[in-house]
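Working notes, beginning with the structure itself.
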Amino acid sequence: MDTSFQRDQLDNQILEALMLDARTPFAELAKRFNVSAGTIHVRVEKMKQAGIITGAQITVNPKALGYDVCCFIGINLKSAGDYPSALAKLDALEEVVEAYYTTGNYSIFAKVMCPSIDALQHVLINRIQSIDEIQSTETLISLQNPISRAVKP
């Protein structure tokens with residue numbers, strides 16, 4: 001990873017365009033920004049090497065896939081040394097879609113997606129709270145997600 005890379009306005013414009021639609025052809029970006037497709041390609045490759053661009057992905061609607069319940073679970077570990085093991089066990093659960101190692105009231109803050117409240121109850125009792133390294137949990141159910149965006153370049 002190249003940490004010396006300095007973005008300029010063109011790099012930021014390319015990032016913004018690709019964040020809106022990662023499938024935008026380089027030729028289209030070149031026309032939009034009045035540069036050559038080769039320039040776009042070189043800039044994108046440099047941003048990949050710098051670790052700024054780490055991949056391209058599609059976004060799916062979890063509700064359309066049947067995941068109607070989104071919640072956040074604050075997790076307290078028995079000890080700080082339990083973090084690697086607990087994280088590995090949480091990573092093995094497909095319902096855990098994000099996890100953060102945090103300061104404050106919780107050691108780990110996890111985002112969990114389930115098809116129903118019954119499924120969430122099963123995941124909590126039989127899969128998460130049964131992890132030996134976990135001392136306690138607190139669950140917050142999300143009612144809606146009115147703001148969801150990526151950071152601006």
Side-chain angles (χ1 to χ4, degrees), residues 1-75 77 83-124 126-128 131 134 137-153:
M1 184 164 54
D2 177 11
T3 57
S4 66
F5 181 79
Q6 295 293 314
R7 291 186 332 267
D8 63 13
Q9 183 179 357
L10 177 59
D11 295 319
N12 289 339
Q13 290 173 321
I14 293 167
L15 281 173
E16 286 182 25
L18 292 176
M19 288 169 69
L20 288 174
D21 183 359
R23 297 180 304 169
T24 305
F26 287 177
E28 183 180 319
L29 294 176
K31 276 186 187 176
R32 188 181 311 170
F33 304 129
N34 200 28
V35 296
S36 71
T39 297
I40 300 293
H41 176 75
V42 167
R43 296 290 188 109
V44 167
E45 286 304 312
K46 284 184 178 181
M47 287 187 280
K48 284 180 183 178
Q49 290 171 6
I52 295 168
I53 296 176
T54 58
Q57 63 190 33
I58 60 167
T59 303
V60 297
N61 178 349
K63 287 194 180 291
L65 295 175
Y67 291 90
D68 290 328
V69 178
C70 172
C71 71
F72 299 90
I73 302 175
I75 299 170
L77 300 175
Y83 173 71
S85 176
L87 187 62
K89 291 175 183 178
L90 289 168
D91 189 35
L93 304 178
E94 67 183 32
E95 296 87 357
V96 177
V97 297
E98 294 180 32
Y100 300 88
Y101 190 37
T102 63
T103 63
N105 293 333
Y106 308 109
S107 304
I108 299 172
F109 205 67
K111 180 178 179 181
V112 173
M113 299 291 298
C114 292
S116 66
I117 291 293
D118 288 340
L120 172 60
Q121 181 179 355
H122 173 78
V123 169
L124 275 170
N126 300 311
R127 303 187 75 199
I128 293 176
I131 295 173
I134 293 178
T137 64
E138 182 178 0
T139 303
L140 302 126
I141 295 176
S142 172
L143 300 176
Q144 62 178 228
N145 180 205
I147 299 172
S148 179
R149 60 179 164 238
V151 298
K152 294 282 273 176

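Heavy-atom neighbours of Leu143 CG from other residues, nucleotides or ligands within 6.0 Å: at or below the threshold of 12. Within a 6.0 Å sphere centred on CD of Gln9, other residues, nucleotides and ligands contribute 12 heavy atoms or fewer.
Side-chain atoms of Asp8 and Arg43, non-hydrogen and from C-beta on, do get closer than 4.5 Å to each other. Side-chain atoms of Leu77 and Tyr83, non-hydrogen and from C-beta on, do get closer than 4.5 Å to each other. Between Thr102 and Phe109, the closest side-chain pair of non-hydrogen atoms falls below 4.5 Å. The shortest side-chain heavy-atom distance between Leu124 and Ile73 falls under the 4.5 Å cut-off. Counting heavy atoms from C-beta outward, Ile52 and Leu15 have side chains that approach closer than 4.5 Å.
In terms of modelled atom types and a separation under 3.5 Å, the side chain of Thr24 and the main chain of Asp21 share a donor-acceptor contact. Using modelled atom types, one side-chain atom of Asn145 and one backbone atom of Ile147 make a donor-acceptor pair closer than 3.5 Å. No donor-acceptor distance shorter than 3.5 angstrom exists from the side chain of Lys48 to the backbone of Ile53, with no hydrogens or angles considered.
Taking the charged nitrogens against the carboxylate oxygens, Glu28 and Lys31 have no contact shorter than 4.0 Å, which rules out a salt bridge.
Minimum heavy-atom separation, Arg7 to Asp11: CA-OD2, 3.5 Å. The two residues Val69 and Ser116 have their closest heavy-atom pair at CG2-C, 3.5 Å. The shortest heavy-atom contact between Ala56 and Ala22 is CB-CB, 3.8 Å. In plain terms, the two heavy atoms of Cys70 and Lys111 that are nearest each other are SG-CE, 3.6 Å.
Here the CD-CZ distance, from Gln13 to Arg32, works out to 9.5 Å after rounding to the nearest 0.5 Å. With rounding to the nearest 0.5 Å, the separation of CG in Asn34 from CG in Leu10 is 10.5 Å. Summarising the geometry, atom CG belonging to Asn61 is positioned 12.5 Å from atom OH belonging to Tyr67; distances are rounded to the nearest 0.5 Å. The CE atom of Met113 sits 11.0 Å away from the CD atom of Glu95 when rounded to the nearest 0.5 Å. The SG atom of Cys71 sits 11.5 Å away from the CD atom of Glu138 when rounded to the nearest 0.5 Å. Note that CD1 of Ile14 is 11.0 Å distant from NZ of Lys46, once rounded to the nearest 0.5 Å.
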side-chain contact (heavy atoms from CB on, under 4.5 Å) between Ile141 and Leu120, worked out: CA-CA 10 Å; Ile141 295 176; Leu120 172 60; 4.2 Å; yes
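Classified by interplanar angle (parallel below 30°, tilted 30° to 60°, perpendicular above 60°), the ring pair His41/Phe26 is tilted.
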